[in-house]
2 protein chains.
Amino acid sequence: MPTISDVARVAGVSTATVSRVLNGNTEVDAAMAARVRTAVDQLAYRPSRIARSLRTRRSAVLGLVISDIRNPFFTDMVRGVEDVAFANGYSVVLCNSDENLGKERDYLQLAIAESMAGVILAPASLDETDVSALTGPGIPVVTVDRRAPDPAVDRVLIDNARGARLAVGHLVDQGYRRIACVSGPTTISTGAERLAGYRAVVRSRRLRTGAELIRFADFHEASGRSAMSELLAARQDIDAVFVANNLMTLGALQAVADAGLVIPDDIAVVGFDDMSWAPLLRPPLTTVAQPTYDLGAETARLLLDRINGFTGPGRELVLPPTLRVRASSAPRRER
Amino acid sequence: MPTISDVARVAGVSTATVSRVLNGNTEVDAAMAARVRTAVDQLAYRPSRIARSLRTRRSAVLGLVISDIRNPFFTDMVRGVEDVAFANGYSVVLCNSDENLGKERDYLQLAIAESMAGVILAPASLDETDVSALTGPGIPVVTVDRRAPDPAVDRVLIDNARGARLAVGHLVDQGYRRIACVSGPTTISTGAERLAGYRAVVRSRRLRTGAELIRFADFHEASGRSAMSELLAARQDIDAVFVANNLMTLGALQAVADAGLVIPDDIAVVGFDDMSWAPLLRPPLTTVAQPTYDLGAETARLLLDRINGFTGPGRELVLPPTLRVRASSAPRRER
DNA sequence: CTGTTAGCGCATTCAT
DNA sequence: ATGAATGCGCTAACAG
C-alpha cells in the first residue's frame, strides 16, 4: 500500500503538494500537478480514508438506522439513500434497530466512535428517541419516514394521514360502511398518523365507530394476522378493512383466507405500502403507494446539506402518497 | 469528545495504561484498572475507531457488495451478515454493484481505501470478477451466493443445480412433460447452475428438449416477463415452466396473466426463491426456498475466521435448497 | 505557489 | 506492571 509520501517522492514534490493536487482546494502549478497525477497512477495510490478522517475529524461515512432491512418498504428507501450518498463520495453503514431503543442508542454511539459525517434515522419512538448524543458532537441527523421529538432536526416524511384518508375515503366511496382498521403502534408517528387519518374519515363520513373496529399490532406479519383474526371473530358484520402497513397486510390476508372469506365480496381490503406483487394477488390488492426511493434520496440530500455547512431551523419535507385502486376494493355488492 | 489523554489525566495514569485496560491484552493492576474504568464512565469516553484503525491498520468495518438491495433475496442474507458482524463488533458497509463490473471494482477499491477488515462479495461475473486487488493488501474476501474465478477465496453457496432438479423433477412427477425454462444469465454461476439442473432432468427423464423451450433473461422482472411472453408465443404446447429466480418469476406470472392463461390448468409454474407472499398468490406458488439468512450468517462467520488469522485453502460451504410445493404445480389434468 | 512542520487519537515498542 | 516516546497517513498552518 503506497502512501502519500511514496507519491511525493516519485513525483519529486512535498506531501503537501500531493495533498493539494488530490483535494484540488488550492491552485497548484499545472506541470507539478501532472507529475503528481502520473505518480499516483503509476503507484496505483489510493488515499487512506482512515488517515484523512483522523486528520479532518470527519469520515465520509453516513449511518443509516432503520428498524429492519427485511421490511421491503425500507429497501427502496435504502437504495435512494445509497445512490445519493455514493454519488457524493460517501459510504453508507446500515444498522437495524429492530424498533429497540437500546439498539438505536448503541448505533448512535457507533456513529460518534466512527466520527460519521451524518446519520439518517427512522426513529424507534415518537417521543423517546434521543439524538442529542449526536447533535452535541456536531454530527448532523435527519429523520426519515417517522417523526422524532426534536423539532430542530430535519425530517422527510410521507403524508400518512392523507394516505389513510385516501384509503378509507375510497372504501366509503365504493359503498363500504363498516370499516375496520389494523393499526400500527401509536408510539411510532406513522402508526399514529395513519390511525388519525382513518378516524378522520370515520368521523366526517359518519361511519360506525367504536373500539371493536380497531386492533393494534406491531407492524409485523404475525401480529397483523392475529389482529385481523380477532376483528373477524369479534364483528361478523365488518365489510372492509384498512391495514396500516405492508407486513401486517400480508398477515391480514392470511387471516382472511383462514376464515374462508372472499375478497372483496365478504370483505374489502386496502393496505398501506404498495408492493411489486400486489397486482398479482387474487384479487389484486388496492394499496397506498409511497415514493420510497425519493424518500431516501431526499433525506440523503438534506443530510448532505447539513454536512456541507447548512445551518438553520429544522426543515420538514412531506411527500405525497398515492392510492392505487385494484380489485380488492371493488364496489360493494349487496349480499 | 474526550480522548484517551483525558481519561489518562482523570485516572492519574498514562495513556498506555488506559489503552491496555480498554483492550485487555496485558495484565494491569486491578486498582488501576478500576480507576481507569471509572474515568471512562465519568467522561462518557468512546475510543475513536478512526484513530484505532489508523494505528492498527485495520478497521472494524466489513464491505458487503451485492447486486441490488431491492432484490428481496438479498435482504434476508444481508440481515444474516449484519447480525453476525455486529455481534462481533463489526459494522457493515453496503454496496450495490448493479451487476456492473466497473461498480464492483470501485467498491473493492473503496474497501482498500477504508482499510476494511474484510469483504463479502456476490460476484457480478463468474469469470471476470477480480478480487486480486484486495487479496494483495491482505484484505480477506468471501464470496456469497455465486462463484468467482479464484479458488483460493472462501465461498458460501446454495446447491443451485439440486434446487433446479427438485423443481423440474417435481413438475415431471406431477405429470408435466413439455417444460420450459426462463433462465438467468449463464455468466453468473447461479444462472448457469440452475439451467444445468433443468437440463439434467430434461435429459434423464427424456423430456422434450430444444432451444425453443429456453429463454434467457437478466434476473429482473421486465426481462422475465418478455421472456415468458416469447415462450408462450413460440410454443403453444408447453405445459409448465421453471423460472430461475424471484423477480423473473414475478414477470413470468404477469406474462401468463397477460396471455389469459390459468395456472396450473394451462401452465404450471415453479419459481426459484421463496417469498413471504408466495402462498398468497392465487394459486399459491410452488418455489425452491433458499436458506438466505443462514447464507449470510455463515458467510460472515467464514470471513471473521479469516480476519482472525485463519489461513488455509479456499473453503466451500454449500447449503441445501428446499422445494415448497403449492398449488401452482398441482398434478396435471388432461384437457 | 510550495515546502516544512505539527498533530489528529490511538496502540505499541522500549525502558524502567 | 507501568510510563515515555514514537509513528500510523494525512491535512492545514505557517513560512518562505
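Side chains are part of it too, since the values below use all heavy atoms of this structure and drop only hydrogens, waters and symmetry mates.
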(request) Determine whether B:Ser91 and A:Glu114 make a side-chain contact, defined as any pair of heavy atoms from C-beta on separated by less than 4.5 Å. (result)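 Sidechains of A:Glu114 and B:Ser91: in contact.
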(message) Has A:Asp76 got a side-chain atom pairing as donor or acceptor with A:Tyr293's backbone, closer than 3.5 angstrom?
(response)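 Side chain of A:Asp76 to backbone of A:Tyr293: no pair is present.
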(message) Strictly below 4.0 Å, N to O, side chains only: are A:Asp83 and A:Arg79 in salt-bridge contact?
(response)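 A:Arg79 and A:Asp83: salt-bridged.
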(message) Within the 4.0 Å limit for protein heavy atoms, which parts of nucleotides 8-16 of chain C are touched? Write it as a string from 5' to 3', B for base, S for sugar-phosphate only, - for none.
(response) BBBBB----
(request) Mark yes or no: A:Arg315 above the aromatic ring of A:Phe310, with NZ or CZ under 6.0 Å from the six-membered ring centre and no more than 45 degrees from the axis. (result)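 Flagged: A:Arg315 positioned over aromatic ring of A:Phe310.
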(message) Counting only heavy atoms not in A:Arg105 (residues, nucleotides, ligands), do more than 12 fall under 6.0 Å from its CZ?
(response) no
